[in-house]
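Let me begin by presenting the structure, written as structure tokens, before commenting on it.
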Number of protein chains: 2
Amino acid sequence: MSKTFLFMDTVVNKVDSKGRVSLPSDYRSIVKELSTEIVCYRSLTSPCIEGCPEELLEKLASDMENSLDFFSQEQDDLTNLIFGDAKRFAFDSTGRIVLTEKLLKHAEITDTAVFVGKGRKFQIWNPENWAKEEARIRAEVLKKRPSLKLPAGAQA
Amino acid sequence: MSKTFLFMDTVVNKVDSKGRVSLPSDYRSIVKELSTEIVCYRSLTSPCIEGCPEELLEKLASDMENSLDFFSQEQDDLTNLIFGDAKRFAFDSTGRIVLTEKLLKHAEITDTAVFVGKGRKFQIWNPENWAKEEARIRAEVLKKRPSLKLPAGAQA
DNA sequence: CTAATGTTTATGGTATATCATGGGAATTTA
DNA sequence: TAAATTCCCATGATATACCATAAACATTAG
């Protein structure tokens with residue numbers, strides 16, 4: 001099978017008192033192709049944590065590396081914000097990472113985390129917040145595209 | 001694959017009476033791949049110190065050499081400022097550097113320093129100043145891109 | 001089709017290594 | 001020689017690596 005790099009599915013895992021969580025094994029096997037660590041940061045738009053392989057942030061850095069941007073103050077504020085916020089998380093031999101207080105607080109996560117695949121990246125949610133968000137997204141989609149219906153029987 | 005390095009995260013360290021500060025260990029392990037010292041200079045645009053591996057300045061120099069704006073007065077002036085200001089700082093066996101009075105004064109740092117990752121380089125701030133700057137950046141980002149989706153690989 | 005078995009994954013607890021930081025000795029500079 | 005700088009060691013706090021158990025899953029045998 002060819003290696004694809006898409007984070008998919010929704011997985012619920014426990015967060016222990018030290019902030020340890022198992023990264024879903026599917027995610028792990030994706031990341032392992034590249035490295036043994038992921039990068040996480042607070043979402044700017046939602047109360048959740050976003051994660052991705054470090055490679056995704058490489059491009060941002062490269063874009064700014066050239067001399068023209070080097071002195072620019074306007075050198076993308078957004079990018080600067082992300083690097084200041086993002087942090088590497090290595091997962092140990094059992095596949096766990098330890099999330100920081102800052103991240104957990106932003107996502108309002110205490111003892112349970114929901115991993116949601118988003119393609120090239122993924123998100124980590126508090127269960128209740130994710131339930132609401134998912135409902136909101138579904139409603140939004142149906143509102144915009146009333147003709148879009150799932151085939152009968154395709155509901156889980 | 002070419003191994004690249006990204007400075008990330010925000011860490012707060014103390015500056016002792018001798019002016020010693022621990023370089024965050026994450027930063028150290030990045031720099032160590034290349035050398036045992038970093039280069040620091042006063043930011044041209046903010047009251048903070050900027051730091052990076054010497055490698056980055058070398059790249060800057062060669063970019064300038066090959067630039068279409070080879071005769072640009074502005075670029076010339078700017079590079080003069082940077083290279084005239086920059087200085088190497090070796091870190092000792094415990095991972096600390098001693099910043100100069102000139103740098104500390106420019107950043108208004110006395111007993112606490114905030115290291116902020118910026119991708120290929122990093123900045124060192126006075127805590128209060130950084131708090132203000134971060135707030136400014138966040139406001140700016142939200143103003144410019146109200147419907148922002150993070151660029152982590154996806155234009156959503 | 002069911003039962004048994006082996007394998008991967010999730011989770012809890014604990015030992016260990018690493019890091020930030022302070023104090024002081026040794027070395028250099030003025 | 002006084003002052004400043006660099007180096008070395010000690011310590012507490014924190015984070016990481018390691019080990020053990022339990023649960024979920026897949027595979028195979030009967």
Side-chain angles (χ1 to χ4, degrees), chain A residues 1 7-33 35-40 49 51 54 86-105 109-117 122 124-127 156, chain B residues 7-33 35-38 40 49 51 87-105 109-117 122 124-127 130:
Chain A
M1 174 188 298
F7 295 103
M8 299 186 223
D9 204 3
T10 300
V11 176
V12 180
N13 279 343
K14 285 202 172 180
V15 182
D16 72 14
S17 56
K18 293 167 195 163
R20 286 190 299 188
V21 216
S22 283
L23 201 64
S25 81
D26 274 8
Y27 292 16
R28 237 151 52 207
S29 54
I30 291 176
V31 176
K32 264 187 185 163
E33 301 285 337
S35 121
T36 60
E37 50 190 24
I38 57 169
V39 172
C40 292
I49 302 166
E54 184 170 344
K87 180 168 161 54
R88 273 189 211 86
F89 293 87
F91 45 88
D92 61 26
S93 56
T94 68
R96 282 183 290 193
I97 57 174
V98 183
L99 294 170
T100 63
E101 195 53 45
K102 182 176 78 173
L103 292 175
L104 292 171
K105 190 179 168 196
I109 294 172
T110 55
D111 60 354
T112 308
V114 183
F115 291 79
V116 184
F122 59 89
I124 313 176
W125 286 79
N126 158 302
Chain B
F7 294 103
M8 298 187 225
D9 203 7
T10 299
V11 339
V12 180
N13 279 344
K14 287 201 172 182
V15 181
D16 71 14
S17 55
K18 300 173 188 174
R20 293 183 298 185
V21 215
S22 284
L23 200 65
S25 81
D26 272 10
Y27 292 16
R28 239 152 50 209
S29 55
I30 291 177
V31 176
K32 261 186 187 168
E33 301 280 338
S35 116
T36 60
E37 49 189 25
I38 58 170
C40 291
I49 303 165
K87 178 169 158 53
R88 289 189 194 85
F89 292 86
F91 44 89
D92 62 27
S93 58
T94 66
R96 283 182 286 196
I97 57 175
V98 180
L99 295 168
T100 63
E101 195 52 45
K102 182 176 76 173
L103 292 175
L104 291 172
K105 191 180 169 195
I109 293 171
T110 55
D111 60 353
T112 308
V114 182
F115 292 79
V116 184
F122 59 88
I124 313 176
W125 287 79
N126 158 301
W130 168 244

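Heavy-atom basis, side chains included; hydrogens, waters and symmetry copies ignored. Everything numeric here is computed off the predicted structure, so don't read it as measured data. Protein chains get the first letters and strands the later ones, always in sequence-line order, with residue 1 at the start of each.
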Mind checking [X] for me? I need base, sugar-phosphate or nothing, with any heavy atom below 4.0 Å counting as a touch.
X      : result
T94(B) : base
L23(A) : sugar-phosphate
D16(A) : sugar-phosphate

Return the value, rounded to whole Å, for the distance between atom [atom1] of [X] and atom [atom2] of [N].
X      : N       : atom1 : atom2 : value
D92(A) : dT11(C) : CG    : P     : 13 Å
D9(B)  : dC19(C) : CG    : C1'   : 14 Å
R96(A) : dA15(D) : CZ    : C1'   : 14 Å
N13(A) : dA23(D) : CG    : C1'   : 13 Å
I97(A) : dA17(D) : CD1   : C1'   : 16 Å
K14(B) : dA20(C) : NZ    : C1'   : 10 Å
F89(B) : dC7(D)  : CZ    : P     : 15 Å
D26(B) : dT14(D) : CG    : C1'   : 14 Å

Does some side-chain heavy atom of E54(A) sit less than 4.5 Å from a side-chain heavy atom of M8(B)?
->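 The answer is yes, as the side chains (C-beta and beyond) meet within the 4.5 Å cut-off.
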Kindly say whether L23(A) contributes a backbone atom to a donor-acceptor pair with the side chain of R28(A) at under 3.5 angstrom?
->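 Yes: the side chain of R28(A) pairs with the backbone of L23(A).
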Would you check if the side chain of N13(A) reaches a backbone N or O of V21(A) as a donor-acceptor pair within less than 3.5 Å?
->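 Here the side-chain-to-backbone pair does not exist.
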Taking it one step at a time, do V31(A) and F91(A) satisfy side-chain contact (heavy atoms from CB on, under 4.5 Å)?
-> CA-CA 10 Å; V31(A) 176; F91(A) 45 88; 3.8 Å; yes
Report the residue (R20(A) or P24(A)) whose heavy-atom-nearest nucleotide on DNA chain C is the more 5′ of the two.
->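 The residue whose closest nucleotide sits nearer the 5' end is P24(A).
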Residues, nucleotides or ligands: over 12 heavy atoms within 6.0 Å of K105(B) NZ |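 Counting neighbours around NZ of K105(B), 12 or fewer heavy atoms of other residues, nucleotides or ligands fall under 6.0 Å, so no.
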For dA10(C), does either OP1 or OP2 sit under 4.0 Å from a side-chain N or O belonging to R28(A)?
->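 Indeed, a polar side-chain atom of R28(A) lies that close.
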dT9(C) phosphate, OP1 or OP2, under 4.0 Å from S25(A) side-chain N/O =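 Checking S25(A) against dT9(C): at least one side-chain N or O falls below 4.0 Å of OP1 or OP2.
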Any N/O donor-acceptor pair, K18(A) side-chain to dT14(C) base, under 3.5 Å |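 Looking at the base of dT14(C), it does pair with a donor or acceptor on the side chain of K18(A) (distance under 3.5 Å).
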